[in-house]
Every structure is written in structure tokens, then in C-alpha cells.
A.B. asks: 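Quick one: structure below, then a few questions.
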Amino acid sequence: LIRWRRMQGRNVLWLPGTDHAGIATQNVVEKQLLAEGASRESLGRERFIERVWQWKATSGNTIISQQKQLGESCDWDRLRFTMDEGLSKAVLEVFVRLYEDGLIYRGKRLINWCPRCLTALSDIEVEHEDVKGKLYHIRYPLADDPQIALTVATTRPETMLGDTAVAVHPDDPRYRHLIGKKVRLPLTTREIPIVGDSILVDLTFGTGAVKITPAHDFNDFEAGERHKLPRISIFTARAEMDGAGLHEAQADPSLNLALKPVQKARTIVVDALTERGSLEKIEDHKMALGKCYRCKTVVEPYLSPQWFVKIKPLAIPAIEAVETGKIRIIPDGWTNNYLGWMRDIKDWCISRQIWWGHQIPAWYCTKCNHDHILKTGHSVGATEESGPLHEVQQLNYTFTQEAQPIVSRTAPTRCPNCGGQDLLRDPDVLDTWFSSALWPFSTLGWPEQTPELKTYYPTSTLVTGLDILFFWVARMIMMGLKFMGDVPFRDVYIHALVRDAEGQKMSKSKGNVIDPLHVMEQFGTDALRFTLASMASPGRDIKLAEERIEGYRNFANKIWNAARFTHMHLTGTKESQPLDDRSFPGLWIRSRLNDTIKIVTMELEAYRFDRATNALYQFFWHEYCDWYLELIKPILQDPLHPEGSATRQTLQDTLEVFLRLLHPFMPFISEEIWQTLPHKGETIVTQSYPVHQTHWHEPSAEETFRLFEQSIGLIRTARVLLNYPPGQEVRVFVTHEEPATRATLVTLERNLAHLGRGQISPVPISQWPTSNVLRLITDGITMGVSVEGDVDLKKALDRLEKQIAETDKESLRLDGKLNSADFVSKAPPEVITDHRDRLRALSRDRAMLTSSEQQLRAMLGD
RNA sequence: GGGCGGAUAGCUCAGUUGGGAGAGCGCUGCCCUUACAAGGCAGAGGUCACAGGUUCGAUCCCUGUUCCGCCUACCA
């Protein structure tokens with residue numbers, strides 16, 4: 001797109017860059033440290049971050065060099081990184097403004113927590129995977145009548161220790177009388193209430209009674225809010241059973257659960273329940289397991305104070321921008337996907353408990369927040385009372401939900417409230433996507449009003465994969481509208497994802513990754529680019545197979561060889577107007593080229609790269625090479641040919657126009673060949689993109705060519721049927737019985753003669769020899785090829801018979817339709833006429849074929 | 001659970017106002033013809049997933065079924 005638009009004369013910018021991939025990068029560097037026997041804690045925050053910068057300096061630009069090798073036409077001087085000073089300034093500015101607008105808040109909520117990365121995740125950073133789980137039915141006896149029990153069903157029995165209520169549906173005749181009573185929670189000494197909740201409880205599922213664990217389940221969290229239930233956290237940040245939490249839950253200490261991992265705790269709890277007769281049954285149950293998108297660890301809903309973006313006010317205009325068509329999503333099938341997600345969007349958790357990223361610009365006065373800042377040198381359970389929410393030691397302090405932050409662009413020196421000078425910064429960093437969301441304007445200098453910003457915002461097109469439509473695209477739209485007052489781009493082109501030849505997603509662990517660098521080395525960059533473009537049909541993933549790339553490598557090779565041929569006949573002058581070439585091949589190829597220009601441009605505008613490449617391939621290989629070059633060889637080989645000079649000019653000009661047309665797809669070979677043509681050092685990318693010319697359109701030349709091609713085809717077929725060796729010349733009889741096309745045939749004859757192919761005189765078919773001529777027909781053209789020497793005509797006879805059978809079949813079909821009263825009375829007249837014409841042509845063909853068959857049989861002596 | 005996409009030649013895929021089914025690769029035969037054997041020429045190969053419906057007529061429009069893939073979701 002970039003090369004094409006630049007050639008079209010647009011002011012084009014492709015600004016390259018990378019994000020800092022917070023969690024992923026931190027994971028990589030931590031792994032390195034582990035191998036060295038160190039850890040980020042042992043290094044401390046500052047030295048750790050230095051270390052990450054080091055890593056970034058050495059391997060962070062791999063993708064950039066890959067992009068360069070792919071021939072991506074970026075403005076490399078403008079390379080940006082989300083952690084650059086300028087972009088970081090934009091991040092700060094956006095954070096503060098959103099906070100001041102009340103769109104960023106801090107709150108203690110249930111969030112998705114990765115117990116391995118030890119950080120919060122946003123909803124979309126959780127991948128769901130279907131697994132076979134179990135549904136455990138547990139009996140909770142009524143407090144005032146232990147003979148009666150309420151049976152609840154759960155997939156996570158170990159969380160029962162944190163239950164603070166049981167819900168039933170208020171309309172459920174089985175249970176509604178129990179609402180307000182209490183049950184005894186097995187394995188604990190607690191009694192918990194039975195509440196009525198029509199939102200949480202589905203009458204038709206499970207037992208109709210649901211345990212409520214507000215600290216460990218999103219639904220239960222909300223149900224807990226509705227019924228003002230206490231929340232008991234019984235897991236640590238590492239997804240182990242938490243001692244303090246268990247104590248609060250009054251769990252049976254003999255179970256010895258403290259610091260047991262969740263899986264182990266489940267076994268212990270289930271065993272204990274079974275032993276005590278509380279487990280009714282276990283059923284198989286299909287369920288979705290949430291996993292961390294960076295490390296695939298099972299995520300836990302975890303209660304902790306985090307920063308959130310209040311998203312609805314940002315989402316509403318972002319929905320409108322797409323609804324009104326101000327932003328187009330291509331292919332538009334994804335539009336509903338986008339709208340559906342945006343309409344149901346939840347607040348965005350933007351804080352991450354890692355070090356690599358933009359640290360949140362919030363500080364806490366130790367004096368004002370005396371009771372809300374906790375030294376975390378010792379393990380403290382994450383409970384309502386004790387507060388600290390993750391025991392992980394990132395700093396020596398954690399801040400409870402009640403702590404009052406001071407949000408500021410620069411580090412404050414004193415507390416605006418009490419004047420205290422002892423301030424501690426929030427240790428959390430921002431979600432990487434928070435900074436990526438600002439990319440369209442932060443990279444252009446915002447918040448400064450730079451000329452670049454003015455020129456290039458809003459941008460034209462965003463090209464991206466579906467997998468980051470929500471992560472990135474939606475958020476860029478929201479932030480762009482909020483801070484620039486306009487959409488960040490007009491078109492969003494969702495490209496296909498590349499899979500392996502079997503359609504599997506590529507992954508290192510599966511070992512099915514196709515390395516683009518390796519492919520480029522083997523087949524050439526142009527072949528890879530052309531392959532990807534040719535397979536980019538909308539809404540379909542690409543199954544990349546080597547054979548396909550090889551095929552387009554051959555195409556590149558074909559272009560190279562055709563250029564060599566052209567080079568042998570160079571005119572030695574710069575591109576000129578080839579209008580003096582009025583020969584049939586010249587008129588024809590120019591008309592075909594013109595059509596190709598039209599198609600390629602149209603398809604590029606429609607983001608149909610597949611159809612654009614097909615048009616280029618078809619034109620160059622099957623028209624320019626297969627026919628045009630062969631057609632003009634006699635002219636080129638005759639030094640005295642009157643059309644020689646004009647033909648050479650057309651040969652060269654057509655190649656030059658084609659190279660420009662091809663350049664966006666195959667930049668390297670087009671440039672390379674361009675340089676071998678007489679251009680005096682100009683590069684092809686500075687040339688203009690071809691524009692179709694109405695006066696190049698030559699319908700009569702195209703019609704002549706059609707007849708010509710078919711005639712040649714007949715002769716070639718005859719040669720094969722008769723086993724004629726390549727060197728043997730054949731005598732050809734040609735005729736045409738239709739007066740309407742006789743004129744075209746005359747043109748054809750003249751051109752054949754003109755090309756130095758010898759004379760072809762039409763002879764009325766009645767005057768053809770009755771034997772030793774093999775007659776063949778196609779599309780109303782009849783040709784005869786003389787049969788010379790001792791040849792086997794059996795093959796020819798087989799073919800004739802087959803053709804007759806096909807003709808009969810088709811005639812029968814058409815005849816049937818035309819004999820149907822319904823068809824004749826209801827089908828459009830032009831369709832009926834068309835059918836009649838075809839039927840007439842078929843019967844004429846059949847007559848010709850049968851008479852040929854008779855002659856052939858006569859020759860065979862049948 | 002909801003939504004979306006796909007099923008067309010051996011393989012990978014095109015195919016829009018519904019009316020004669022295409023390409024590339026692979027396969028078969030012939031050919032090293034002075035651009036190209038990574039090539040040329042000529043061929044073979046398809047009940048357009050299945051079952052209904054609409055229509056004079058369906059690969060195409062509608063309904064259902066099966067299989068595959070993706071997105072999404074808090075069914076304990």
C-alpha cells in the first residue's frame with residue numbers, strides 16, 4: 001500500500017516502531033537472570049530495568065531488521081519505541097488528564113491474576129480453553145435442621161472454604177422457603193446465610209443452589225455486592241492456600257491446608273468432604289479455563305486494589321465512529337465483532353505488578369495514609385481487614401484501597417494536603433496496550449502540536465491482525481477520539497493470519513514455524529511477498545505451503561528471463577510514447593496492459609491483493625510471455641522489418657509499465673530490472689504508478705487475438721494428435737462460414753502474413769480436399785491440417801468422438817430448456833436468444849464434426 | 001452458551017445484480033525450438049459437503065443437518 005500510494009504521488013508516511021511488551025519482555029529477562037542465579041528482586045528495580053534496556057538494545061530490533069529484509073518501505077528515521085522519552089511523556093499526559101476527568105480510578109476489585117507472572121491482567125489478556133472438568137455436588141446442612149441439606153454444585157470445591165452465602169432462585173418452589181435461614185459450611189465452624197438471587201441462579205442448571213465465594217469468582221463477587229456479603233480471600237498471590245485467610249474462614253486446622261497449591265488443596269478438600277459424608281456426587285463437566293496469554297498459567301480471580309479506566313464514556317464515540325462509517329473495517333464482517341465487543345465493554349484494568357513499563361504517576365503521602373500503607377516485609381494475608389493485597393515484594397510498601405493517591409505529571413515534593421514531604425510512588429506500571437493505544441499521535445510528537453501531527457493525523461489506513469483488534473485497534477480509536485478529537489485512521493484492514501500448511505497456528509513448541517528469513521533466503525523476498533499477497537483473500541487464514549512460494553519464485557524467474565529477452569532488443573532510449581506502433585501485436589498487448597492497470601489499481605483500492613496479483617501473473621506470464629513475445633519474434637529477427645523499431649519500443653515500454661505496476665508487490669526484482677533499462681540512475685519507486693489510458697483500449701485487436709489464439713490452438717492440437725515432430729511444417733486450411741466474422745478473419749490473415757508467418761489463404765470448406773485433412777473446430781472456427789506421412793489417426797478419432805458426445809450432451813440440455821414452456825415464457829429474452837444462438841452453433845459444430853469423423857474413418861479405411 | 005466464517009479438481013484456493021464451473025501446484029504425454037527445463041506445448045481430472053425449499057432455472061438466495069476453524073462468554 002505504501003509503495004503504491006507513494007508512486008501515485010501521495011505524501012506517504014509509514015512510521016515503524018515497536019512496543020515494550022511489558023510482561024513478555026520482563027519474563028524473558030527474568031528467565032535470563034534465573035539462569036545466572038539472580039532474580040529481579042536481588043537486582044532491585046533500577047538495575048533490573050537497566051538490564052531490560054540492555055536486552056532491548058541487543059535483541060529488541062530483530063523485528064525491525066526483519067521488516068527491512070521484507071522490503072517494507074518505512075520511514076526508518078522515525079523509528080519509535082513506546083518507552084521513548086517522547087512517547088512516555090504522552091503516556092503521562094494521558095494518564096493525568098484521564099484521572100482529572102474522572103476516567104481513571106483506583107479500586108479494590110476482583111481482577112484476573114496470573115499466579116506465575118504475579119500481576120493483574122485485563123479481561124482480554126485471559127485466553128479461554130475448553131477442558132474436561134468435574135462438577136462436585138456438596139451437601140450444606142441447614143443450621144437449624146441438620147437432617148436437611150442444601151446441595152450445591154461447584155467446579156472448584158476448594159473455594160468452598162471462602163463461601164459466605166448460598167444462593168437459590170427466589171421463585172424456586174424447592175428452596176424459596178429457605179431464604180433467610182442458614183447452612184453450616186462443611187469443614188469450617190461457620191454458618192452462612194441462604195439468599196435469594198435471580199441473577200446468579202439458573203433454575204435449570206445443577207442443583208439450583210449456588211455457593212457464593214465473593215473473593216474468588218466474578219459472579220459471586222457481584223452477588224456479594226448485591227447482598228453485602230463479606231469477602232474472604234483464601235488464596236495467596238501464588239495460588240496457594242493462605243494461612244490468614246483460612247483462619248478467617250474458620251477452616252478446620254486439621255486439614256493442614258496452609259500454603260498448599262490449589263490443585264493439592266482440591267484433593268484434600270474433596271477427600272475430607274467424602275470422609276465426612278458431605279460429597280454427594282461428582283459429574284463430568286465441560287468448562288472453560290482461563291489462562292494467561294503470556295505464560296499460559298491458569299489465572300485466578302484475585303481481590304486486589306488496581307487502577308482502572310472507566311471505559312463506557314470512551315467507548316460510546318468509538319462505537320459511533322464505526323457505526324457512521326467514519327472508520328471502515330475491512331473485511332466488514334468484523335464490524336459486528338467490534339461493535340458487539342465495544343457495546344459490552346467492561347472497565348479496563350491498567351495496572352500491572354511488574355517493573356518493565358511506564359510507572360504509574362501516583363504518589364502517596366506517608367503521613368496522610370499512615371494506616372493505609374503497609375510494610376510488606378512479612379507475609380500478610382489478603383483479607384478485608386489486613387489489607388495488603390499481594391505479598392510479592394516489589395517495594396517495601398503496598399497501598400491499600402483506602403490510600404489517597406496524588407496523581408501528577410512530575411514527582412511532587414510535598415503533600416498538597418498536609419505538606420508532608422515523605423512521599424512514596426505507586427510501584428505498579430501501566431498495561432503495555434495503554435501506551436500502544438496512543439501510537440497514532442504519540443509517535444507524531446503529541447502533546448506538542450507538531451507539523452507532523454498536523455500533516456499525518458488522522459492517518460489513512462491501519463493494517464493489522466484480528467488478534468489485536470480489541471487489544472490495540474479499539475483502544476487507539478477510543479484514545480484518538482478522546483485526545484485528538486478525531487479518529488486515528490479511516491480504514492482498518494484486517495489481514496489474514498499465516499498458518500502452516502496443515503492450517504495449524506504456528507508455534508515454537510509445535511515446531512511448525514516457518515521462518516520468513518529462511519523462506520526469503522530460499523525463494524527470495526519477492527516470491528514471499530507475492531505469495532502472501534496472492535493468498536490474502538478476505539476472511540480466510542493463509543495456509544502457507546512451500547510449493548506455493550516456489551511457484552511464485554518461478555514467476556519471478558520468468559520475469560527475469562523475459563527481461564533478458566527484452567534487453568537483447570533494447571531501443572537504447574528512455575521510455576517514450578509507443579503510439580506509433582499500430583501493429584496487431586502491439587495494439588493487442590497495449591490493450592491487455594491497459595486492462596491490467598485498470599484491474600490492479602481497482603483491486604488495490606479494494607484491498608484485494610489476491611486479485612491484483614492474479615491479474616499481474618495472468619498478464620505477464622500468459623499474455624506478455626506466452627503470446628506477445630512469441631508473436632513479435634519474427635519481426636525482431638528480421639532486421640529489415642518495417643515494424644521493427646516500433647515493435648522494439650512497445651516491447652520495452654510494456655515491460656517498463658509492467659515493472660512499475662509490479663513494484664509494490666515485488667520491489668526488488670522490479671528495481672533490479674529497471675536499472676538495466678536505459679534510465680540514467682533513477683529508481684523505480686520514484687516513478688509514477690501506471691494510469692490506464694482510454695486510447696490504449698483496442699477491442700478489435702483483442703477480438704482478433706481471440707480468433708488467432710484459438711486458431712493456433714487448433715493447429716497445435718492437430719500436431720499432437722498427428723504426432724508431428726516440432727520441426728515439421730504443416731499445411732493449414734482455414735475458412736470461416738460466418739459472414740459477420742469474415743472481416744475479422746481477413747484481419748487475421750493479413751496480420752499472420754505481416755508477422756512473416758507465411759500466407760494463409762481462406763478456402764471455402766467445400767473446396768477442401770476430402771481426404772488427408774484433419775478437420776478441427778472450436779467456437780465456430782474450423783481449421784484443417786493436412787495429414788502427411790504415415791500417421792496413426794486413432795487418437796484424432798477418439799478426440800472427435802468425445803467432442804461429438806460433449807456436443808450432444810450440451811445440445812440436449814439446451815434443447816430441453818428451450819422446449820420448456822415455463823422457460824420460454826419466463827426467462828429474460830436475452831437469455832433465450834443466447835440459448836438459441838448457442839444451440840444453433842452447436843448443431844453447426846456437430847454437422848462439421850460428424851463429416852470430419854466420416855472422412856477420418858474413410859482415411860482409416862473403416 | 002452466543003456469534004461469525006469455511007466445505008468447489010489429488011492439494012491450496014478464486015468464483016455477486018442466479019442462466020455455458022476457473023487458477024496455481026501436482027498428475028499424464030510430447031519437446032533441451034537461439035529469454036526461460038524454475039521452461040514450452042497438448043491433455044486428464046469436479047453429483048460445487050448433505051437434505052429440503054424458493055425459482056422457468058441454484059455452486060450462488062432461504063431453512064435444516066454434518067464436519068472443520070475462529071471470535072466471544074460469569075452457566076455455578
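FYI, side chains are in, hydrogens and waters are out, and symmetry mates aren't considered; it's all heavy atoms of this structure. In what follows, every chain begins at residue 1, and chains take the letters A, B, ... in the order their sequences are listed.
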A.B. asks: Using a heavy-atom distance cut-off of less than 4.0 Å, which residues of residues 829-838 of chain A contact RNA chain B?
C.D. replies: A:V831, A:R838
A.B. asks: Identify the 5'-most and 3'-most nucleotides of RNA chain B with at least one atom closer than 4.0 Å to a non-hydrogen atom of chain A.
C.D. replies: B:G5 to B:A76
A.B. asks: Enumerate donor-acceptor pairs with a distance under 3.5 Å from any side-chain N or O in residues 555-563 of chain A to protein atoms, sequence neighbours excluded.
C.D. replies:
residue: A:N561; atom: OD1; partner: A:R564; partner atom: NH1; Å: 3.1
residue: A:N561; atom: ND2; partner: A:N557; partner atom: O; Å: 3.2

A.B. asks: Once salt bridge (charged side-chain N to carboxylate O under 4.0 Å, His left out) is applied, do any residues pair with A:R174, and if so which ones, sequence neighbours excluded?
C.D. replies: A:D172
A.B. asks: Under the rule for side-chain hydrogen bond (donor to acceptor under 3.5 Å, both in side chains), what residues qualify as partners of A:R648, not counting sequence neighbours?
C.D. replies: none
A.B. asks: Which pairs, with at least one residue in residues 204-217 of chain A and sequence neighbours excluded, count as a salt bridge (charged side-chain N to carboxylate O under 4.0 Å, His left out)?
C.D. replies: A:D163-A:K211
A.B. asks: By salt bridge (charged side-chain N to carboxylate O under 4.0 Å, His left out), which residues pair with A:K809, not counting sequence neighbours?
C.D. replies: none
A.B. asks: Which residues satisfy the side-chain hydrogen bond (donor to acceptor under 3.5 Å, both in side chains) test with A:E672, sequence neighbours excluded?
C.D. replies: none
A.B. asks: Using Watson-Crick or G-U wobble pairs with both distances under 3.5 Å, give me RNA chain B in dot-bracket, 5' to 3', with [ ] for crossers and | for pairs to another strand.
C.D. replies: (((((((..((((.....[..)))).(((((.......))))).....(((((..]....))))))))))))....
A.B. asks: Report the residues that fulfil salt bridge (charged side-chain N to carboxylate O under 4.0 Å, His left out) with A:E810, sequence neighbours left out, ordered by chain and then residue number.
C.D. replies: A:R813, A:R838
A.B. asks: Give one of base, sugar-phosphate or nothing for A:R716, where a contact means two heavy atoms less than 4.0 Å apart.
C.D. replies: sugar-phosphate
A.B. asks: Indicate the ring-plane relationship of A:W627 and A:F708, choosing parallel, tilted or perpendicular according to the 30° and 60° boundaries.
C.D. replies: perpendicular
A.B. asks: Using a 4.0 Å heavy-atom cut-off across all strands, classify A:K543 as base, sugar-phosphate, or nothing.
C.D. replies: sugar-phosphate
A.B. asks: Partners of A:T807 by side-chain hydrogen bond (donor to acceptor under 3.5 Å, both in side chains), sequence neighbours excluded?
C.D. replies: none
A.B. asks: Can you list everything that forms a salt bridge (charged side-chain N to carboxylate O under 4.0 Å, His left out) with A:R529? Sequence neighbours excluded, please.
C.D. replies: none
